[in-house]
Novice: 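Take this structure first; my questions come after.
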Amino acid sequence: TVMSGKDVVVESGTQTLSDFSWWGGNNYDVTRAMGPGRVVTLNLHAVMAGSDIFVPAGVRVIDQSMAIMAGNEVKREAQGAGSNGTLIIKGFLWWARNEIKRAPDAP
């Protein structure tokens, strides 16, 4: 993702997804990929960029990324106890930020 972005729906059965963003970023929706006992890893490397990550209720978010003048923000409402799976965020961030948010509930 270079100076652009897109909406990415992470499908059920996905265990790992990787991306590099430079002056851009994507919107990742992992609601279909999560579920009880599932572990999904996002390897998101970013330079002066960032992405929004949408998770369903109950997902435990673990940040294992390395950041320089950067970081990941896990919104309080997005952090669950793990009853709906675990999302691991990895990657290198430089002047970058990923924001993990609770996905809007489906009607």
Side-chain angles (χ1 to χ4, degrees):
T1 306
V2 178
M3 296 172 53
S4 64
K6 61 185 172 187
D7 294 326
V8 178
V9 176
V10 182
E11 295 295 336
S12 179
T14 302
Q15 294 179 351
T16 304
L17 185 139
S18 299
D19 187 55
F20 172 78
S21 295
W22 179 49
W23 288 3
N26 296 320
N27 295 316
Y28 294 97
D29 182 347
V30 298
T31 55
R32 293 182 187 177
M34 302 311 302
R38 294 185 183 168
V39 177
V40 175
T41 301
L42 297 181
N43 294 306
L44 303 177
H45 307 281
V47 176
M48 295 183 278
S51 295
D52 289 333
I53 303 161
F54 297 93
V55 298
V59 172
R60 180 176 177 220
V61 179
I62 299 173
D63 181 3
Q64 295 180 345
S65 61
M66 180 181 154
I68 297 175
M69 295 184 288
N72 292 317
E73 179 182 357
V74 181
K75 296 288 189 179
R76 180 174 294 181
E77 67 274 6
Q79 184 64 271
S83 62
N84 203 13
T86 300
L87 176 66
I88 301 172
I89 308 292
K90 293 184 176 186
F92 173 75
L93 304 169
W94 183 57
W95 283 5
R97 175 178 177 221
N98 294 311
E99 191 171 323
I100 297 90
K101 306 174 184 181
R102 171 101 179 263
D105 292 330

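The structure displayed is predicted, hence computed values, not measured ones. Values below: every heavy atom of this structure, side chains too, minus hydrogens, waters and symmetry copies.
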Novice: Which atom pair, heavy atoms only, marks the closest approach of M69 to W94?
Specialist: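 Heavy atoms of M69 and W94 come nearest at CE-NE1, 3.9 Å.
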Novice: Just how far is it from atom CD1 of I62 to atom CD1 of I88, taken to the nearest 0.5 Å?
Specialist: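 Between I62 CD1 and I88 CD1, I get 5.0 Å after rounding to 0.5 Å.
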Novice: Checking N84 now: which residues fulfil side-chain contact (heavy atoms from CB on, under 4.5 Å) with it, not counting sequence neighbours?
Specialist: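 Per chain and number, N84 pairs via side-chain contact (heavy atoms from CB on, under 4.5 Å) with P36, P56, V59.
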Novice: Who pairs with T16 by side-chain contact (heavy atoms from CB on, under 4.5 Å), at least two apart in sequence or on another chain?
Specialist: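 Checked T16 against side-chain contact (heavy atoms from CB on, under 4.5 Å); matches are S18, T41, N43.
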Novice: In Å and rounded to the nearest 0.5 Å, what is the CE to OG distance from M34 to S12?
Specialist: 10.5 Å
Novice: My understanding is that only residues two or more places apart in sequence, or in another chain, count here; which of them pass salt bridge (charged side-chain N to carboxylate O under 4.0 Å, His left out) with K90?
Specialist: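 None.
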Novice: Consider only side-chain heavy atoms of I, L, V, M, F, W and Y, link residues closer than 4.5 Å, and tell whether F54 and V30 are in one cluster.
Specialist: no
Novice: Write out all pairs satisfying salt bridge (charged side-chain N to carboxylate O under 4.0 Å, His left out) with one or both partners inside residues 20-32, taking only residues at least two apart or from two chains.
Specialist: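 Sorted result for residues 20-32: E11-R32.
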Novice: Tell me which pairs pass salt bridge (charged side-chain N to carboxylate O under 4.0 Å, His left out) where either residue lies in residues 39-52, with sequence neighbours left out.
Specialist: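 The answer is D52-K101.
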Novice: Do the side-chain N and O atoms of Y28 and N98 include a donor-acceptor pair separated by under 3.5 angstrom?
Specialist: no
Novice: The criterion is salt bridge (charged side-chain N to carboxylate O under 4.0 Å, His left out); which residues satisfy it with R38, sequence neighbours excluded?
Specialist: none
Novice: Could you go through T1 and D19, starting from their C-alpha distance and side-chain angles, then the distance that decides it, and tell me whether this counts as side-chain hydrogen bond (donor to acceptor under 3.5 Å, both in side chains)?
Specialist: CA-CA 7 Å; T1 306; D19 187 55; 3.1 Å; yes
Novice: Is there a side-chain contact between L44 and N72 in this structure, where contact means two heavy atoms from C-beta onward sitting under 4.5 Å apart?
Specialist: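 A side-chain contact under 4.5 Å is absent here.
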